[in-house]
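Below is one structure, written out as structure tokens; the observations come after it.
Chain letters run A, B, ... following the sequence lines, proteins first and then strands; every chain starts at 1. Nothing here was measured: the structure is a model prediction, and the numbers come from that model.
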Amino acid sequence: MAGKPNGWNRIADVTKRTRGYDHRQVEAHWQKVWEETGLYRSQVAWDRPKHYALTMLPYPSGDLHIGHWYAMTPSDARARYLRMKGYNVLFPMGFDAFGLPAENAAVQNNIHPWKWTYANIERMRGQLRSMGTMIDWEREAVSCTPEYYRWTEWFFSRLHEAGLAYRGEALVNWSPTLQTVLANEQVIDGKDERTGQPVIQRMMEQWFFRITDYVEELLDFSGLDWPEPIKAMQTNWIGRSPGARVRFPVEGAEPIEVFTTRPDTLHGATFMVLSPEHPLVDVLATSDQAEEVRNYRDQAARRSELQRTDLTREKHGVFTGGYALNPVTGGEIPVWIADYVLMSYGTGAIMAVPGEDTRDWEFADRYGLPVVHTVQPPDDFEGKAYEGDGPSINSDFLDGLYIAEAKPAMIDWLQTHGHGEAAVQYRLRDWLISRQRYWGSPIPVIYCQDGTIELVSDEDLPVELPEEVEFKTTGPSPLLTHDPFLKTTDSKGEAAVRETDTMDTFMCSSWYQLRYLSPGCDYAPFDPEEAAYWLPVDTYTGGAEHAVMHLLYTRFFTKALRDMGCFDDAKQVMSSHGRDPNGLFDEPMLMLRNQGQVLGEERRGDQVLVTVRRQDEDWVADSVQVVTTGSHPSFWEDGRLVGELLGRTEKVLTIASPNDDEDPITVRLAEAATVDVPSIEGTNTVNQLRHRIGVQRMSKSRGNVVNPDDLVEKYGADTVRTYLMFAFEWEKGGPWDSRGMRGAERFIADVWNLGRAEYHPDMIDEAATRALRRQAHAAIIKVGDDLESFSWNTAVAELMKLRNAMEQAWSARNVTSAAWQETLQILLLLLAPIAPHVTEEVWNHLGHPTSIHLQPWPEVDEEAAAEELVTMVVQVNGKVRARIEVPVEISSEDALDLALNQRNVARHVEDGEIRRVIDRRPKLLNLVV
RNA sequence: GCCCGGGUGACGGAAUGGUAGACGUGGCGGACUUAAAAUCCGUUGUCCUGAAAGGGCGUGUGGGUUCGAGUCCCACCCCGGGCACCA
């Protein structure tokens with residue numbers, strides 16, 4: 001070997017480096033073995049600690065995308081790690097299989113939703129298997145099966161009996177596009193959150209769940225280890241405002257009730273504003289104002305919610321002609337209507353305090369209504385309405401009190417005089433669960449001829465969806481016209497009709513974590529024996545986009561189930577095993593973590609050479625040619641333009657200006673323009689030009705989607721898993737980087753090579769041996785901590801470091817065989833949760849008879865992990881001047897001596913005297929001169 | 001407007017108040033090869049004309065606390081997300 005470069009005697013035969021590891025064969029082989037041996041079956045075992053790890057179940061859209069991998073593989077790795085740590089781990093999977101896309105597919109492709117959904121599930125099961133997860137498939141649950149939705153219906157019945165499900169008329173969000181109503185949570189800025197299509201407000205009779213009964217408990221997150229932003233978003237959504245209800249007497253009519261968060265400003269209430277839809281408007285409107293009021297009302301009704309809540313719109317309204325009495329001043333104040341007051345919040349009426357409220361001030365200013373300040377603004381205050389704190393003025397008995405004292409004082413006064421009382425207002429409304437669609441769980445209700453409502457009896461559940469229905473156009477639900485489904489009889493044997501609405505699919509996903517425990521259970525939604533052992537979910541992972549939908553609903557659901565006694569049997573079983581059930585059924589998931597989003601990769605556009613000429617105001621191109629960047633730097637002169645193609649729509653090109661700070665240049669292609677793309681043979685068209693794709697969400701239309709199946713085929717699941725765990729800060733996500741994949745690929749190949757390499761030491765160096773062992777044992781701690789705390793990227797980094805150390809030891813051949821073997825085993829065991837296939841393969845190759853995934857997490861040898869030598873940093877006045885290798889237990893004197901003997905330290909010290917020594921041995925010494 | 005996150009090399013990202021940039025990608029130089037790919041070795045914040053030694057400057061901006069600040073405090077700027085005529 002002498003004379004050969006150092007690299008030559010690196011691991012075995014270098015040409016085998018990637019050729020040797022056949023991920024296709026290895027991964028398929030072990031997936032088969034694991035399945036055949038039931039490696040990932042999880043069974044109740046009361047003598048072992050349990051861990052229920054869950055990731056949000058996917059919608060069976062047809063293909064697993066990279067986001068699923070990003071969400072699931074780290075959870076899988078963590079579940080595997082906990083298993084090695086001695087936990088009995090449950091890691092189930094299923095499908096959230098009801099929902100509109102299946103119906104749309106039915107219309108478009110003339111295929112029954114059931115078939116479409118099932119084909120997709122089949123496909124996705126295969127894709128999930130290719131990940132190499134430890135999913136226990138015996139626990140799979142699919143929400144669109146009658147075995148599943150039987151119990152979704154059953155829960156509806158329980159909720160109805162408990163008074164938590166009711167039918168009510170309300171202004172609801174109707175989507176003309178989807179032909180169904182939607183919950184408030186599914187509407188963002190007046191548009192459907194999934195399709196972005198506008199929704200309109202409609203009065204309709206619908207089914208609701210009384211989630212508002214649980215507001216206060218839903219605001220309490222104590223005992224939950226959830227991300228702060230999610231808690232904040234839920235708190236925000238619930239929108240708790242403490243304040244007071246105040247009644248303003250009206251002559252000859254019932255009083256107008258308002259809600260206010262500022263009862264302390266009551267003396268400044270100089271007028272009132274009602275929502276145009278307010279029932280008292282007709283009573284109050286005087287005959288001479290009646291027409292104006294009616295006109296305004298009609299106008300408001302025609303406006304969408306979106307227009308009405310447009311903040312930039314000026315505030316308009318009309319006077320009703322009526323007056324109310326300010327209960328505290330006794331003064332007569334005019335009552336107006338305006339659409340900035342919403343019927344759906346509070347009482348649909350407000351007391352207007354222009355002195356302390358900007359909105360009211362704008363309104364008062366516009367219509368010349370009086371303003372009375374009730375809070376003393378600071379001297380330099382120049383605004384209009386003063387919303388800050390200060391002593392009360394013009395407020396009789398409140399004068400001098402600050403807001404915090406004035407509020408309760410006013411509430412006291414209101415209560416004593418019967419004009420109002422303390423009240424709390426919430427933004428959260430009841431959960432609207434009716435959907436006018438076919439592909440959802442039926443609502444087990446029938447309407448009798450006498451107008452009463454009956455629940456379908458439990459024995460007759462499930463109410464099954466009829467299969468022979470036709471989907472012709474996206475119109476009303478086929479259930480509406482399907483007589484065999486529709487026509488039934490009530491409990492008295494009389495003819496009756498079924499409810500044709502189905503349930504919001506969030507109902508299905510509100511309890512799926514329970515169904516996983518015993519998906520085959522046919523006498524209850526879940527087996528109490530299983531529930532007692534596995535519940536609650538210990539760690540839950542998924543996207544933050546479900547913050548105020550799924551995550552709020554499932555919390556409500558769990559609390560309602562608890563109060564209806566659905567967990568009583570499970571609690572009893574739990575107690576009998578000596579586990580205290582107290583508090584374990586209040587929340588569905590104890591720990592929650594959100595992954596970020598994998599975005600599309602940035603792609604450079606082609607460098608194009610364009611010949612341009614001026615035509616009127618525009619630039620017109622006669623030829624476009626793709627050139628290589630190097631040979632044609634960007635320039636623009638003499639009718640020739642070279643630059644990166646930033647974008648293209650039809651025949652209009654956007655080309656980067658050669659001067660970075662100038663706007664891009666827009667060029668229109670002439671009809672007869674020639675296009676030349678040298679890399680593509682034949683005649684080229686504009687469609688073959690590649691424009692820049694920026695970092696943005698992946699979508700098929702943008703063409704920036706990465707397909708996991710292709711990646712698995714090319715690199716193997718282990719590499720994809722490792723890359724996804726390594727590449728980003730998990731909770732943040734980021735743009736895909738196809739080159740970054742190379743690092744993971746090399747790492748996995750290196751591990752395989754290290755496992756195959758036959759190590760023979762040459763000159764054993766005790767220090768090097770100890771150093772390698774130290775690093776291995778330090779890694780046990782580091783990787784374990786990181787996996788526990790969701791810091792996947794640093795865990796992988798630590799393992800890569802260990803790989804590097806082993807490669808160095810290999811080429812130096814200076815560590816003992818025992819240390820080599822020990823380190824290799826540690827590397828494999830620590831990597832096993834992340835890359836389950838390659839580690840199993842090497843483990844097996846090393847002659848171990850049982851799976852690596854049944855091994856315990858390696859024990860740390862504290863003595864080996866302890867450092868002997870450490871780099872001591874010597875600072876002078878806080879600046880690093882030297883680094884010295886010192887023994888860990890160096891004495892104060894020795895440390896100072898060594899430090900002062902450093903030439904560079906001495907140089908910086910000699911000008912002054914050492915006033916102080918900051919002694920942080922053995923890591924740091926700071927000399928203050 | 002209010003409430004959360006977040007601003008660190010070319011890029012993804014590391015850093016219990018104590019060596020800023022771990023680990024990876026990419027770049028550059030070299031080895032191997034007819035060549036390419038793969039692989040291996042070295043190098044890679046920036047400035048002080050090149051190298052060494054040494055030093056200055058560097059974690060959005062400006063102040064402060066501290067022997068010492070990416071980290072703590074104050075003010076501000078920018079980016080992302082949520083909420084928003086919510087009374």
Quiz prompt | Given B/C67, B/C86, B/G13, the nucleotide with the shortest approach to the side chain of A/Arg916 | solution =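 Closest nucleotide among those given: B/C67.
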Self-check item: Member of A/Phe747, A/Trp736, A/Trp792 meeting the ring-ring contact (aromatic ring centres under 6.0 Å, His included) criterion with A/Tyr723
Solution: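 Option passing the ring-ring contact (aromatic ring centres under 6.0 Å, His included) with A/Tyr723: A/Trp736.
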If we count only N and O atoms by modelled type, under 3.5 Å, do the side chains of [X] and [Y] hold a donor and an acceptor together?
| X | Y | result |
| --- | --- | --- |
| A/Tyr553 | A/Glu185 | yes |
| A/Thr541 | A/Gln595 | no |
| A/Asp360 | A/Tyr340 | yes |

Using atom [atom1] in both nucleotides, what's the gap between [N] and [M] to the nearest angstrom?
| N | M | atom1 | value |
| --- | --- | --- | --- |
| B/U44 | B/A38 | C1' | 23 Å |
| B/G7 | B/G70 | P | 14 Å |
| B/C57 | B/A20 | P | 13 Å |
| B/G6 | B/G60 | P | 13 Å |
| B/C76 | B/U25 | C1' | 35 Å |
| B/A51 | B/U46 | P | 12 Å |
| B/A14 | B/U8 | P | 12 Å |
| B/G18 | B/G9 | C1' | 23 Å |

Quiz prompt | Straight-line distance of A/Met351 CE to A/Phe271 CZ, nearest 0.5 Å | solution =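 Answer for the CE-CZ pair, A/Met351 versus A/Phe271, is 11.5 Å.
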Self-check item: Spatial distance of atom CD (A/Glu731) from atom CZ (A/Phe790) [nearest 0.5 Å]
Solution: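 So the gap between those two atoms works out to 7.5 Å.
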Quiz item: Nucleotide by nucleotide, 5' to 3', does protein get under 4.0 Å of the base (B), only the sugar-phosphate (S), or neither (-) in nucleotides 1-12 of chain B, counting heavy atoms?
Solution: ---S-------B
Cation-aromatic face contact [X]/[Y], 6.0 Å, 45 degrees:
| X | Y | answer |
| --- | --- | --- |
| A/Arg555 | A/Trp226 | yes |
| A/Arg245 | A/Phe259 | no |
| A/Arg721 | A/Trp69 | no |

Exercise. Just do the side-chain contact (heavy atoms from CB on, under 4.5 Å) check on A/Ile914 and A/Leu900 with the steps written out, would you?
Key: CA-CA 11 Å; A/Ile914 297 174; A/Leu900 290 172; 3.9 Å; yes
Should [N] form a Watson-Crick or G-U wobble pair with both distances under 3.5 Å, which nucleotide is its partner?
| N | value |
| --- | --- |
| B/C28 | B/G42 |
| B/U61 | B/A75 |
| B/C83 | B/G1 |
| B/G54 | B/C48 |
| B/A69 | none |

Would you tabulate the pairs of protein nitrogen or oxygen atoms and nucleotide nitrogen or oxygen atoms of nucleotides 55-58 of chain B closer than 3.5 angstrom?
| residue | atom | partner | partner atom | Å |
| --- | --- | --- | --- | --- |
| B/G55 | OP1 | A/Arg881 | NH1 | 3.3 |
| B/G55 | OP1 | A/Asn904 | OD1 | 3.0 |
| B/G55 | OP1 | A/Asn904 | ND2 | 2.7 |
| B/G55 | OP2 | A/Asn904 | ND2 | 3.4 |
| B/G56 | OP1 | A/Arg881 | NH2 | 3.3 |
| B/G56 | OP2 | A/Arg881 | NH1 | 3.4 |

Show the distances under 3.5 angstrom between N or O atoms of the protein and N or O atoms of nucleotides 16-18 of chain B.
| residue | atom | partner | partner atom | Å |
| --- | --- | --- | --- | --- |
| B/G18 | O6 | A/Arg920 | NE | 3.1 |
| B/G18 | O6 | A/Arg920 | NH2 | 3.2 |
| B/G18 | N2 | A/Gln875 | OE1 | 3.2 |
| B/G18 | N2 | A/Asn926 | ND2 | 3.2 |

Practice problem: Check whether the side chain of A/Arg742 and the base of B/U25 form a donor-acceptor pair under 3.5 Å. | Solution: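 Between B/U25 and A/Arg742, which were checked side chain against base, a qualifying N/O pair under 3.5 Å is absent.
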Exercise. Mind checking A/Arg427 for me? I need base, sugar-phosphate or nothing, with any heavy atom below 4.0 Å counting as a touch.
Key: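 Since a base atom lies under 4.0 Å of A/Arg427, the category is base.
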Quiz item: Would you say A/Thr260 and A/Ile350 make side-chain contact, with heavy atoms under 4.5 Å?
Solution: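 SC-SC contact between A/Thr260 and A/Ile350 ruled out.
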Quiz item: Under 4.0 Å between a side-chain N/O of A/Ser241 and OP1 or OP2 of B/A87, yes or no?
Solution: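 True: A/Ser241 side-chain N/O within range (under 4.0 Å) of B/A87 OP1/OP2.
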Quiz prompt | B/A38 OP1/OP2 closer than 4.0 Å to side-chain N/O of A/Arg746 | solution =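 A/Arg746 to B/A38 OP1/OP2: no side-chain N or O under 4.0 Å.
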Exercise. Could you tell me whether B/G63 is syn or anti, where syn means a glycosidic angle within 90 degrees of zero?
Key: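 What B/G63 shows is an anti base, its glycosidic angle lying more than 90° from 0.
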Quiz item: So which heavy atom on A/Met343 is nearest to which on A/Pro279, and how close?
Solution: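 Closest approach of A/Met343 to A/Pro279, heavy atoms only: CE-CD, 4.1 Å.
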